[in-house]
Amino acid sequence: MRFLFAPIGIIAGLAAGFAAQKGFEKVWAVFDEQEAPEAEDREVSYPKLALALILEGAIFRLVKGMVDRGARLGFASLTGSWPGEKDSSK
């Protein structure tokens, strides 16, 4: 069943990444009026960069994990099989 879930997982992952980026932009707007800093920005301070990277990483992992879990639950409810689960009886 893993091969059947692969396209669903890819699409869900792309959607999660997009949603996480938008969510991060909204959260960052609470902290600063400017766009979130990037590592390439010359003038950014380490504390500001660290805060942006920590928030972005945490939001991305949370959204991706929740979307992946939801996609797996939906797949399992439709097929009766959990994607990626190996048969333990063999």
Side-chain angles (χ1 to χ4, degrees):
M1 285 298 193
R2 179 181 280 188
F3 66 93
L4 291 176
F5 180 74
I8 296 167
I10 291 169
I11 292 168
L14 290 171
F18 180 76
Q21 183 62 36
K22 293 299 177 189
F24 168 69
E25 290 170 1
K26 289 185 184 288
V27 170
W28 184 256
V30 172
F31 290 96
D32 199 341
E33 293 177 1
Q34 298 176 347
E35 288 186 12
E38 298 287 334
E40 299 87 21
D41 295 342
R42 179 179 274 205
E43 303 297 322
V44 68
S45 68
Y46 275 105
K48 186 174 182 179
L49 178 62
L51 176 62
L53 294 173
I54 289 167
L55 278 173
E56 187 174 27
I59 291 169
F60 180 79
R61 290 289 295 168
L62 174 67
V63 172
K64 176 134 177 25
M66 297 301 285
V67 168
D68 184 54
R69 176 77 174 172
R72 288 175 185 277
L73 285 171
F75 183 85
S77 70
L78 289 174
T79 65
S81 176
W82 188 261
E85 186 174 81
K86 295 179 180 169
D87 186 7
S88 59
S89 65
K90 291 183 180 180

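The first residue in the sequence is number 1, and the count goes up from there.
- Considering only residues two or more places apart in sequence or on other chains, Glu35 meets the salt bridge (charged side-chain N to carboxylate O under 4.0 Å, His left out) condition with none of them.
- Residue Glu38 holds its CD atom at 8.0 Å from CG of Leu53, rounded to the nearest 0.5 Å.
- Contact detail for Ala19 and Val63: the closest heavy-atom pair is CB-CG1, 4.3 Å.
- Of the possible donor and acceptor atoms, none in the side chain of Arg72 sits under 3.5 Å from a partner among the backbone N and O of Trp82.
- Val67 and Ile8 are assigned to two separate hydrophobic clusters, defined by single-linkage of ILVMFWY side chains at heavy-atom distances under 4.5 Å.
- In this structure, Phe5 CZ and Ile10 CD1 are separated by 10.0 Å, a value rounded to the nearest 0.5 Å.
- Here the CG-CG distance, from Leu78 to Leu73, works out to 11.0 Å after rounding to the nearest 0.5 Å.
- Looking at every heavy atom in both residues, Phe60 comes nearest to Gly17 through CE1-CA, 3.8 Å.
- Judged as a salt bridge (charged side-chain N to carboxylate O under 4.0 Å, His left out), and not counting sequence neighbours, Asp41 has no contacts.
- Between Ala39 and Leu49 the shortest heavy-atom distance is N-CD1, 3.8 Å.
- Counting all heavy atoms, side chain and backbone alike, Ala20 lies closest to Ile59 at O-CG2, 3.7 Å.
- Using a 4.5 Å heavy-atom threshold, the side chains of Phe31 and Leu55 count as touching.
- Applying the side chain to side chain contact (heavy atoms under 4.5 Å, CB included) rule to Lys22 yields the partners Phe18, Glu25; only residues at least two apart in sequence or on another chain are considered.
- Atom NZ of Lys64 is separated from atom CG of Leu14 by 9.5 Å, given to the nearest 0.5 angstrom.
- A heavy-atom distance below 4.5 Å is found between the side chains of Phe75 and Leu4.
- The two residues Pro37 and Trp28 come nearest to each other via the heavy atoms CD-CZ2, 3.5 Å.
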